[in-house]
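Quick note: residue numbers are just sequence positions, from 1. From a predicted model like this one, the values you see are computed outputs, not experimental measurements. Atoms within a ligand are numbered from 1 in the order they appear, just like the ligands themselves.
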Amino acid sequence: MFEVRNLKKVYRERVVLEIEHLSLPQGETLALAGANGSGKTTLLRILAGNLKPTEGETRTAPPVLCLPQRCYAFRGTVLDNVLLGARDKKDEALALLEETELLALKDKKAASLSGGELQKLAACRLLVSPCKLLLLDEPTSACDAAGTKLVLSLLSRYREKTGCTVVLSTHTPAVATQAANRLVILNNGKIEADGDPQTVLRAPESDWAKEFIAGWRI
Ligand SMILES: Nc1ncnc2c1ncn2[C@@H]1O[C@H](COP(=O)(O)OP(=O)(O)OP(=O)(O)O)[C@@H](O)[C@H]1O
Ligand SMILES: [Mg+2]
């Protein structure tokens, strides 16, 4: 689970995040949406403990795992990368690579992967370990439709196995509706819509949300 109260992040007098209260029970999945610069990464980094809020409190259930918006490869092969921090889990690592269709690339240098392949690898590297709170910053942004499906099904299996809480950000409505049971839309750092994804998309509460969602459907 996680809970934030009276959260504020200010950069040089500019408020980029301001959330009075947001909480998510254990086992639920929240999708975060909103335009570029609306505060999604800022919120995820605060939840991950990688960024200090200017004001406010956060409560999270450790261990917390976080997939950053910009994926990177460590030195070594694709398989080496999944085994980082999970040396004794070779069978699980190979199963994850198979599930994401990366098994044929397991002995390739990780640095040579394409953007989408690298993103799938980063997901495998993370999901080889269990956690209570999983934070994913645009986890399928570099994936094609097939890759997106693979990552979402991997996520769903991981969630069933671990019972973890998930917060993921996305610019893709289908990812929000398929992966999450709740959708929050941020507008300039503030919560503009919050609810069941289908309901938020079908019947947005505010004029702003209506316009945002209309644009989102392009
Ligand atoms: N270190 C920083 N210093 C100053 N401003 C920052 C810093 N980090 C982020 N910001 C600003 O905070 C705002 C929110 O950024 P954030 O990365 O959270 O947006 P986002 O919703 O994740 O956007 P995107 O969809 O592009 O990933 C942006 O306007 C950004 O320019
Ligand atoms: Mg971001």
Got L168 and V175 here, is their nearest side-chain heavy-atom distance under 4.5 Å?
yes
Would you mind checking if D137 and K40 are paired as a salt bridge, meaning a charged N to carboxylate O distance below 4.0 Å?
no
Given side-chain hydrogen bond (donor to acceptor under 3.5 Å, both in side chains), test T165 with Q26 step by step and report yes or no.
CA-CA 5 Å; T165 307; Q26 192 63 41; 3.3 Å; yes
Count the heavy atoms belonging to other residues, nucleotides or ligands that lie under 6.0 Å from CD of E211, then report whether that count exceeds 12.
no
Residues in the immediate environment of ligand 1 (any heavy atom closer than 4.0 angstrom):
Y11, R14, V16, A35, N36, G37, S38, G39, K40, T41, T42, Q69, E138, H171
Please list, chain by chain and in numerical order, all residues satisfying side chain to side chain donor-acceptor pair (under 3.5 Å) with N50, sequence neighbours excluded.
none
Tell me, please, which residues at least two apart from Q69 pass side chain to side chain donor-acceptor pair (under 3.5 Å).
T41, E138
Which of parallel (below 30°), tilted (30 to 60°) and perpendicular (above 60°) describes Y72 and F74?
perpendicular
Closer than 2.8 Å to the Mg ion (ligand 2), which protein N, O or S atoms?
T41 OG1, Q69 OE1
With no hydrogens and no angle check, do the side chains of T29 and N181 hold a donor and an acceptor under 3.5 Å apart?
no
I'd like to know if the side chain of K106 reaches the main chain of L94, judged simply by a donor and an acceptor atom lying under 3.5 Å from each other, with no hydrogens or angles considered.
no
